[in-house]
Amino acid sequence: MRRTSRSVLPGFGLSLGITCTYLSLMVLLPLATVFTRSADLSWADFWGTISNPRVVASYRVTFGASFVAALVNTVFGLLVAWVLVRYRFPGRRIVDAMVDLPFALPTAVAGIALTTLYTPNGWVGQYLEPFGIKVSYTWLGITVALVFIGLPFVVRTVQPVLDDLEVEVEEAAASLGARRSQTFLRVVLPTVAPALLTGFALAFARAIGEYGSVVFISGNMPMKTEIVPLLIITKLEQYDYAGATAVALVMLLVSFVLLLTINLLQWAARRRVEA
Amino acid sequence: MATVAVPRPATTAPRAITRATGESPAVRWTLTAIALAFLAFTLVLPLVLVFHEALSKGIEAYLAAIREPDALSAAKLTLLIASIAVPINLVFGISAAWCIAKFEFRGKNLLITLIDLPFAVSPVISGMIFVLLFGMHGWFGGWLFDHDVKIIFAVPGMVLATTFITSPFIARELIPLMQEQGTEEEEAAIVLGAGGWQTFWRVTLPNIKWGLLYGLILCNARAMGEFGAVSVVSGHIRGETNTLPLHVEILYNEYAFAASFAVASVLTLLAFVTLALKTLVEWQQRRAEAEDTEDVPPAERIAA
């Protein structure tokens, strides 16, 4: 890493030095353990661990619930962002600030609150019970918790794009005879689509790793409502370090691919704006 | 920005224009109502429940639950961990933003991606990696055992895991801000004879103060509220390696619901303070930006 152009500003060596040293010791070295530890396993053992039925069931729970939650967030996130940007109503600023609550509220608090709300005699659960809908300790409960956690990601990604949307474009569509619904579907939606997709990916990425808010509401039944992060903890508690790292490696790779996709999406969106 | 329509001469039919780029009042109110109902259901209801449950056994039980020695030691540990993790990440964040925003070098994008990495890692894995490093069977486990140093299932491990999780917050906030501000002001200061540190304190810091504060607030909220990563490395020893979020879990699992929600309500208040400070900083930032763009008419500045 050599500077390609000279600068009069001092502190390049010092700041880059601190940054690289810190990242190496605090982030890269610890993360490397996941790779070296899994390398201790033979390929057959590794494959056996990550394709074990209980592990596969936990992927299904984690990825399934995360996907559904991210979809719900995409729909409602767009709606909330739209209402916050386009309409004026009393208390709008407070509502806008409240959207970030899931970022600020410790996940354990969200977890116990949601669980208590949705148990069969809880505030919400009692109205669902007569219909035979169980939320706490089921797959549905996991999704509810993940919706809570993921909402701000979609709203905060879509909001600035809606804010920047030129009114003229919509006026042009309208003056050319488009109905309001047509303008929305053909003009507004394609413009916010990249941001919406990024928001979806961010919410999904957060959801697959989420632990604190889910562990209370999920009931943690192996094969049914056991999420991957919990399975990793269970393996660690049984001192099955190799097994825990093998599953963690799968999750890390999925997360890295998602991170890469999100960066590419944002890069593409930025190019579009600049073009 | 009201109803999005641009002000027009009154001679053209105003109603037709508003309708062209906005929705009819019925649609508008329906959409607003659905959005608000959704937010009330997902965000507000859980909050109301926290305080309702916390006070369900009366104010005395509430106060007793948060004054109990285990709760107090958990609060102390939470503050201790945040007071170590946040300053470390402050130094890291400023260093990273300085070299990335003020200089050109190869591998910059890779560096930015690496800074973001902890955000992509599950909290549970973030705790696990430190067990793999310093745990009994970890890389340094044997050496640490021989020298009687305890990191895992002790406070140092919890500090490490929290520092890892919260490391991107400040850097991430400062990098785009400082990139946008460029290097001209600092260069002018240096050319006029100011030293490096002088330039940083007198020129850079005043420019980035709101962004820095914003990053600090978010970093602190996460450091105090982190659950998964800390849970893996803590060992759950009451009065010793228990933070407030872990204490909430222990009480809840012991069916001490009122006490659990009492402690949770303290963390909820912390979340409120975080949100309030964050909003305040956002307004300040917007005002500072507006002052920079004096040529924009005031009406549009408010709308922006």
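Within every chain, numbering begins at 1; the chains are lettered A, B, ... in the order of the sequence lines, protein sequences first and strands thereafter. These figures come from a predicted structure and were not determined experimentally.
- Counting heavy-atom pairs closer than 4.5 Å to chain A, the top residue among B:Leu117, B:Val50, B:Thr279 is B:Leu117.
- Put simply, of B:Asn89, B:Leu218, B:Asn253, the one with the most heavy-atom pairs under 4.5 Å next to chain A is B:Asn89.
- Every side chain to side chain contact (heavy atoms under 4.5 Å, CB included) that B:Thr183 has, sequence neighbours left out, goes to A:Leu9, B:Lys102, B:Glu187.
- Between the A:Ser255 side chain and the B:Ala120 main chain, a donor and an acceptor come within less than 3.5 Å of each other.
- B:Ile217 does not touch chain A: none of its heavy atoms, backbone or side chain, sits under 4.5 Å away.
- For the pair A:Arg37 and B:Trp139, the cation-pi test (distance below 6.0 Å, angle within 45°) is failed.
- Heavy-atom minimum distance, A:Pro10 versus B:Trp98: O-NE1, 3.1 Å.
- Contacts of B:Leu244 with chain A are absent, with no heavy-atom separation under 4.5 Å from either backbone or side chain.
- Around CD1 of A:Ile94, the count of heavy atoms belonging to other residues, nucleotides or ligands within 6.0 Å does not exceed 12.
- Heavy atoms of B:Leu39 lying under 4.5 Å from chain A belong exclusively to its side chain.
- Using a 4.5 Å cut-off between heavy atoms, B:Val48 touches chain A through backbone and side chain atoms alike.
- At a 4.5 Å heavy-atom cutoff, the contact between B:Leu160 and chain A is made by backbone and side-chain atoms alike.
- Relative orientation of the B:His137 and A:Tyr241 rings is perpendicular, given thresholds of 30° and 60° on the angle between their planes.
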Under 3.5 Å, sequence neighbours excluded: what are the donor-acceptor pairs made by side chains of residues 105-118 of chain A?
| from | atom 1 | to | atom 2 | distance (Å) |
| --- | --- | --- | --- | --- |
| A:Thr115 | OG1 | A:Gly111 | O | 2.5 |
| A:Thr115 | OG1 | A:Ile217 | N | 3.4 |
| A:Thr116 | OG1 | A:Ile112 | O | 2.7 |

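- The part of A:Val124 that comes within reach of chain B is its side chain, from C-beta onward, which places non-hydrogen atoms under 4.5 angstrom from that chain.
- Heavy atoms of B:Ile125 lying under 4.5 Å from chain A belong exclusively to its side chain.
- Contact count against chain A (heavy-atom pairs under 4.5 Å) is highest for B:Leu45 among B:Val131, B:Asp116, B:Leu45.
- Counting heavy-atom pairs closer than 4.5 Å to chain A, the top residue among B:Phe119, B:Tyr252, B:Trp29 is B:Tyr252.
- Distance alone, capped at 3.5 Å, places no donor-acceptor pair between the B:Ser95 side chain and the A:Ser15 backbone.
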